[in-house]
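The structure under discussion appears below in the form of structure tokens.
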Amino acid sequence: MLTSLYVRHFAVVEAAEVAFGPGLTVVSGETGAGKSLLVDALMLLAGARADSGMVRAGSDRAELAAEFDLTGLPAARDWLQREELDEDGGCQLRRVIRAEGSSRAWINGRPANARQLGELAALLVEIHGQHEHQALLSRPHQLALLDAYAGHDELLAQVRDSAVQWRELGARMRKLSGGDDRGQRIELLRHEIGELEKWALPPAELAELEADHRRLANAGRLAEGSAGVVELLDGDSEFALRRALGRAHAELGKLAALDDRLNPLLDLLDNAGIQLGESADGLARYAQDVDLDPQRFTEVDNHLARLHELSRRHRLPVAELHDRLAALQAELAELEGAGDALERLAEQRRRLQDDYVGAAARLSAARAAAGDRLGDEVSTLMAELGMAGGLLRVELEPSAGSEPDPQGEERCELLVSANPGQPPRPLRKVASGGELARISLAIEVATLGKDTIGSMIFDEVDSGIGGAVAEVVGQKLRALGVQRQVLCVTHLPQVAAQGHAHLRVSKSSDGDATRTQIERLDAAGRRDELARMLGGVEITRETRAHAKQMLERAQTV
């Protein structure tokens, strides 16, 4: 739902911020005041082409921003997550248009392009009365609307699931068969598996091989170094640690004879002497046993070199080569046993196609019946909206291609005729903005609550009508507003009286500049605005009374 719209230096608007609530909000004002500026701003935020003429004279840029509440709009939330533009569950669209003609856009504070604006806006708001930005003119949307109207979600899910699984099995079969490259792939796998079986090692064995390599590469240094440490510990030098420790032990023994409290420290020196001797003996044995085998070092070095070569070829760390071996062995087994597997998959695919054909036939019949009902209902509503003799027909035509399609076996086109005797034409080719808006209103009322668009904007919906028809249009819009947020730009009091909220657009001039203001009307303001719409410049007591009656009557509908 649209919660607020902010415009600054846009056309004749210096600055305005409008808050929106649920229900039907009507927008009125004198001719030329700029009633459609709100719609124009939303269209620009939906990705419409911008030009420098939209910037207020004397300003360097125009700024537009809209806030949306995404409650009940899971498709919009999912889109934001996929595009990594989500922000704490909210949604803000912002666009800046510069006087030289360039523009920039943001979604939740992050830069966005026109494609992203258009895709997101199509999930948030639907604008009726302009051919651009109308989801209803899209054939896929028309089919989705028909399915939602019919309420056969379970049947549609059966068709979609059968088709998707059928395609997935086809992909698996193509991978298994391998086409002309299957034999070459098997030979390559056997070669690679042979190499990996010879050289790749499990993690523990790889760690042991690397440790052996370090030890063998440094065998000379290890032998020489350990012998040197033995000399430091227990050599012939008078500075060897064992000799120094013996002298320290003798001196401390003399002192301990004078004070028994030194005996524990003397014991520590005894233990140190024992440990020092064991260390020296162990190091001496290690120095003698160090492996100085050049042949073994060559073998280990060669093994590691082959592992690093395989690592580069497979583009994997050395430690992951053993897992790669298992994966290639599984692929080889699958390819070598492809014959039996392909037969099983082919049988599964045949069963899925049978399931699809049955479900698709039932879906086609359900769509045809729902299309007839929808056409009759919308045609009746068109007559109520001042298009007597007009009709809508739902045309279903077979989809191209012979493979199972997740959308079913047909495509949908809404055909309309606004006047008696005219042949029905595709809705997207209807020329009159007013007719298109009223037809769209009839379709929205007939399918009330079936689509997932949060806000609907109607511009020129009352073009060319008046009297009782205008009141019916207002009543339908009000009924639609009970289920959805609706914004309607109108010049008819019969429509304006039906609003749950009322905005007035007015224009003023101080001689140097013209400004447009947008204000929310209270009860008295609504009565006076309706009186103006009823009686023109001069507002009489009678027109005010009539306006009051219209407002009171609207509240009872």
Side-chain angles (χ1 to χ4, degrees), residues 1-8 10-39 41-42 67 455-463 465-510 514-557:
M1 181 182 77
L2 175 67
T3 58
S4 68
L5 178 66
Y6 170 78
V7 296
R8 181 172 179 267
F10 177 60
V12 291
V13 179
E14 186 171 16
E17 184 169 6
V18 185
F20 296 92
L24 169 63
T25 298
V26 294
V27 181
S28 67
E30 294 182 0
T31 301
K35 297 189 294 295
S36 293
L37 286 177
L38 296 179
V39 179
L42 286 171
E67 297 270 357
S455 304
M456 287 176 287
I457 316 298
F458 288 91
D459 193 15
E460 303 181 39
V461 70
D462 48 17
S463 175
I465 62 172
V469 173
E471 188 169 356
V472 172
V473 169
Q475 291 171 354
K476 298 302 182 184
L477 286 167
R478 185 178 179 89
L480 193 59
V482 174
Q483 298 289 331
R484 296 290 168 86
Q485 182 189 50
V486 180
L487 176 64
C488 177
V489 178
T490 182
H491 65 276
L492 294 179
Q494 295 93 331
V495 174
Q498 298 293 332
H500 297 100
H502 193 147
L503 301 176
R504 178 173 61 197
V505 180
S506 58
K507 185 168 62 174
S508 62
S509 176
D510 58 9
T514 299
R515 294 177 174 83
T516 290
Q517 295 85 33
I518 304 170
E519 60 179 320
R520 180 179 292 272
L521 300 178
D522 57 15
R526 291 193 67 182
R527 183 199 61 199
D528 289 347
E529 175 65 3
L530 287 183
R532 180 197 67 76
M533 298 171 76
L534 285 165
V537 176
E538 183 178 355
I539 300 176
T540 65
R541 184 167 50 189
E542 288 76 12
T543 56
R544 282 194 176 94
H546 188 190
K548 183 179 179 182
Q549 291 175 356
M550 292 178 68
L551 288 168
E552 290 174 348
R553 188 165 62 249
Q555 301 302 317
T556 63
V557 176

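What you see is a predicted model, and the numbers here were worked out from it, not measured in a lab. Worth knowing before you read on, the calculation uses all heavy atoms, side chains too, and leaves out hydrogens, waters and symmetry mates.
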Who pairs with A501 by side-chain contact (heavy atoms from CB on, under 4.5 Å), at least two apart in sequence or on another chain?
-> T25, R520
Output yes when a side-chain donor or acceptor of T516 lies under 3.5 Å from a complementary backbone atom of K507, and no otherwise.
-> no
May I have the step-by-step check of side-chain contact (heavy atoms from CB on, under 4.5 Å) for V489 and F458, ending in yes or no?
-> CA-CA 6 Å; V489 178; F458 288 91; over 6 Å; no
Heavy-atom closest pair (A470 atom, V495 atom, distance to 0.1 Å) is O-CG2, 3.5 Å
Looking only at heavy atoms, what is the nearest atom pair of H502 and A496, with distance?
-> CE1-CB, 3.9 Å
Could you tell me which non-hydrogen atom of L5 sits nearest to which non-hydrogen atom of L38, and how far apart they are?
-> CD2-CD2, 3.7 Å
Salt-bridge test for R526 and E529: reply yes if a basic N is under 4.0 Å from a carboxylate O, no otherwise.
-> no
Smallest separation among heavy atoms of V26 and G499, with atom names | CG1-CA, 3.9 Å
State which residues pass salt bridge (charged side-chain N to carboxylate O under 4.0 Å, His left out) with R544; sequence neighbours excluded, sorted by chain then number.
-> D528
For the atom pair CD (Q498) and CG (L492), what is the distance rounded to the nearest 0.5 Å?
-> 12.0 Å
Give a yes or no on whether E30 atom CD has more than 12 heavy-atom contacts from other residues, nucleotides or ligands under 6.0 Å away.
-> no
Taking every non-hydrogen atom, the tightest pair across A547 and A531 = CB-N, 3.7 Å
Looking at CE of M456 and CG of L24, how far apart are the two atoms once the value is rounded to the nearest 0.5 Å?
-> 10.0 Å
Atom pair CD (Q475) and CD (E471), whose distance is rounded to the nearest 0.5 Å = 5.0 Å
Flag for Q517-S508: side-chain donor and acceptor within less than 3.5 Å = yes
Within-4.5 Å side-chain heavy-atom neighbours: L37 and V12 | yes
Could you give me the CA-CA distance, side-chain angles and deciding distance for L480 and K476, then say whether side-chain contact (heavy atoms from CB on, under 4.5 Å) is met?
-> CA-CA 6 Å; L480 193 59; K476 298 302 182 184; over 6 Å; no
Side chains of L42 and L2 in contact at under 4.5 Å (non-hydrogen atoms) = yes
Check for a donor-acceptor pair, side chain of S36 on one end and backbone N or O of V39 on the other, with a separation under 3.5 Å.
-> no
Please answer whether the main-chain N or O of G21 pairs with a side-chain N or O of Q485 as donor and acceptor at a distance below 3.5 Å.
-> yes
Distance-only, no hydrogens or angles: does the T3 side chain make a donor-acceptor pair with backbone N or O of E67 under 3.5 Å?
-> yes
Taking side chain as C-beta onward, heavy atoms only, is E519 less than 4.5 Å from V505?
-> no
Which atom pair, heavy atoms only, marks the closest approach of L487 to F20?
-> CD1-CE2, 4.0 Å
Is there a side-chain contact (heavy atoms from CB on, under 4.5 Å) between S28 and M533 once you walk through the steps?
-> CA-CA 9 Å; S28 67; M533 298 171 76; 3.9 Å; yes
According to the salt bridge (charged side-chain N to carboxylate O under 4.0 Å, His left out) rule, which pairs have a member within residues 11-29, sequence neighbours left out?
-> E14-R515
Start with the C-alpha gap between V13 and R8, add the side-chain angles, then the distance that decides, and say whether side-chain contact (heavy atoms from CB on, under 4.5 Å) holds.
-> CA-CA 7 Å; V13 179; R8 181 172 179 267; over 6 Å; no
Starting at CZ of R527, measure out to CD of Q549 and round the result to the nearest 0.5 Å.
-> 12.5 Å
